[in-house]
Protein chains: 2
Amino acid sequence: MSAMDEVFKALADASRRSLLDRLHAENGQTLNELCEGLEMTRQAVTKHLAILEDANLITTIRHGREKLHYLNPLPIHQIGERWIRKFERSKLAALSELKRQLEKRDE
Amino acid sequence: MSAMDEVFKALADASRRSLLDRLHAENGQTLNELCEGLEMTRQAVTKHLAILEDANLITTIRHGREKLHYLNPLPIHQIGERWIRKFERSKLAALSELKRQLEKRDE
DNA sequence: ATAATAGGCAACCAAATGGTTGCATGTCAA
DNA sequence: TTGACATGCAACCATTTGGTTGCCTATTAT
């Protein structure tokens, strides 16, 4: 699986995006902190975090018996640069072409 | 399911992203055109296109017995604006904080 | 030392996903 | 008008996914 594919797959789940949001609000949280207030078991959160780590979206550091989770914003940035920008460049062109076609169908 | 969630889910599959790429290269293709060269059946492509259409990533127009597919770049743009930008703003801050922590663990 | 705390591992489960095949329908061309 | 072409629909299938429970290990605090 390509690196970018892993990132897209990791971002596809709302729970995982919300975990990234929480780390964005406060970086360096432990597993237990990240579990607080969530409607799923610790093990479910562990799995989500593992997927995010595999996709390189977070980095972890063991500190005694705690595991601290840190956001890595680089892959998200790359999705923006390498993938989304490509489609934005042609945005206006695509919309105007669609409009032309929509009008054309009544011929 | 929220609109943005649907977009993220739709983008999670490499085949679907490749379909968007093909439409980006040449907009307004028919189903059969989009099937050419792909290693899956027409029905599989139909399903992918339906998911992309539900997520509002493409718009279709029936033209006789053909169905033309057009890219809608707006949702992709919104992912960039509403989601990715948020993380980019704190990019440098997050990286420097991680660095600090990495150094701190040897204390 | 030992109890409490933080996390890890593995088996299991239901539902969603990505794909198939077979057949039906609608439209165009000879 | 009839055959070929473009697409649609539905049932079915294997695998992946997101979650659970139960138990184990490692670290800290009393």
Side-chain angles (χ1 to χ4, degrees), chain A residues 1-2 5-23 26-55 57-70 101 104-107, chain B residues 1-2 5-23 26-55 57-70 101 104-107:
Chain A
M1 188 156 56
S2 90
D5 196 40
E6 242 175 357
V7 174
F8 270 113
K9 284 227 161 66
L11 294 180
D13 186 272
S15 302
R16 286 194 288 270
R17 290 198 305 278
S18 130
L19 285 169
L20 292 180
D21 281 338
R22 298 182 80 161
L23 286 180
E26 188 189 341
N27 211 3
Q29 295 186 67
T30 66
L31 171 58
N32 268 332
E33 282 168 349
L34 288 170
C35 286
E36 276 167 26
L38 293 188
E39 305 223 316
M40 64 183 121
T41 60
R42 177 174 53 83
Q43 284 76 1
V45 177
T46 300
K47 284 194 183 180
H48 283 307
L49 290 172
I51 290 170
L52 290 171
E53 192 170 3
D54 285 348
L57 282 159
I58 62 177
T59 309
T60 61
I61 304 174
R62 279 308 284 267
H63 192 261
R65 63 181 166 183
E66 293 182 329
K67 188 175 189 178
L68 304 177
H69 297 76
Y70 291 88
Q101 284 291 334
K104 193 176 156 193
R105 72 168 170 181
D106 293 324
E107 287 175 5
Chain B
M1 186 154 61
S2 90
D5 197 40
E6 242 176 358
V7 174
F8 270 112
K9 284 229 163 63
L11 294 181
D13 187 273
S15 302
R16 286 194 288 271
R17 290 198 306 279
S18 130
L19 284 169
L20 292 179
D21 281 338
R22 297 183 79 160
L23 285 180
E26 189 187 341
N27 211 2
Q29 295 185 65
T30 67
L31 170 58
N32 268 333
E33 282 168 348
L34 288 170
C35 286
E36 276 166 27
L38 294 189
E39 303 223 319
M40 62 184 123
T41 59
R42 177 174 54 84
Q43 282 77 359
V45 176
T46 300
K47 283 194 184 181
H48 283 307
L49 291 171
I51 289 170
L52 291 171
E53 191 169 5
D54 284 346
L57 282 159
I58 62 175
T59 310
T60 60
I61 303 172
R62 282 307 286 266
H63 192 262
R65 63 181 165 180
E66 293 182 331
K67 189 175 190 180
L68 304 178
H69 297 77
Y70 291 89
Q101 284 290 335
K104 192 175 155 194
R105 71 167 172 183
D106 293 325
E107 288 175 2

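Everything numeric here is computed off the predicted structure, so don't read it as measured data. Numbers restart at 1 for each chain; the letters A, B, ... are given by sequence-line order, proteins then strands.
Taking only side-chain atoms of B/Arg16, from C-beta outward, the nucleotide of C/dG18, D/dG19, C/dG19 with the closest atom is C/dG18. Relative to the side chain of A/Gln43, the nucleotides D/dT17, D/dT7, C/dC9 differ in distance, and C/dC9 lies closest. The side chain of B/Asp13 has C/dG18 as its nearest neighbour among D/dG19, C/dG18, D/dG8. If you check C/dA6, C/dC23, D/dG19 against the side chain of A/Glu66, the one that comes closest is C/dA6. With C/dG19, D/dT7, C/dT27 as the candidates, the nucleotide lying closest to the side chain of B/Ser15 is C/dG19.
Looking at heavy atoms from C-beta onward, A/His69 lies out of side-chain contact with A/Thr30 at the 4.5 angstrom threshold. For the pair B/Asp13/B/Ile51, no side-chain contact is recorded, criterion being any heavy-atom separation below 4.5 Å from C-beta on. Here the side chains of B/Leu19 and B/Leu38 are in contact, with some heavy-atom distance below 4.5 Å.
B/Asp21 has no carboxylate O lying under 4.0 Å from a charged side-chain N of B/Arg17, or vice versa, which leaves the two without a salt bridge.
At whole-Å resolution of the value, CD in A/Glu6 and P in D/dT16 are 14 Å apart. Look at CZ on B/Arg42: it is 14 Å from P on C/dC23, rounded to the nearest Å. In this structure, the CD atom of A/Glu36 is 14 Å from the P atom of C/dT5, given to the nearest Å. Note: CZ (B/Arg17) to P (C/dG18) measures 11 Å, nearest angstrom. Atom CG in A/Leu11 sits roughly 12 Å away from atom P in D/dG18 (whole-Å rounding). Regarding A/Lys67, its NZ atom lies at a distance of 14 Å from the P atom of D/dT27, rounded to whole Å. Going from atom CZ of A/Arg62 over to atom C1' of C/dA6 covers 8 Å, rounded to whole Å. One interatomic measurement links the two molecules: CE of B/Met40 to P of C/dT20, which rounds to 8 Å at whole-angstrom precision.
For C/dT20, one of the phosphate oxygens OP1 or OP2 lies less than 4.0 angstrom from a side-chain nitrogen or oxygen of B/Thr41. Contact annotation: B/Asn32 side-chain N/O to D/dT7 OP1/OP2 distance is under 4.0 Å.
Against DNA chain C, the stretch residues 46-54 of chain B makes heavy-atom approaches under 4.0 Å through B/Lys47, B/His48.
For the residue pair B/Thr60 and B/Glu53, a side-chain donor N or O sits within less than 3.5 Å of a side-chain acceptor on the partner.
For the pair A/His69 and B/Ala12, nearest-nucleotide mapping onto DNA chain C gives the more 5' position to A/His69.
Remark: the backbone N or O of A/Leu31 is not paired with any side-chain donor or acceptor of A/Arg42 at under 3.5 angstrom. Panel note: side chain A/Arg16, backbone A/Ala10; a donor-acceptor pair is recorded below 3.5 Å.
Between the side chain of B/Arg65 and the base of D/dT7 there is no donor-acceptor pair of N/O atoms closer than 3.5 Å.
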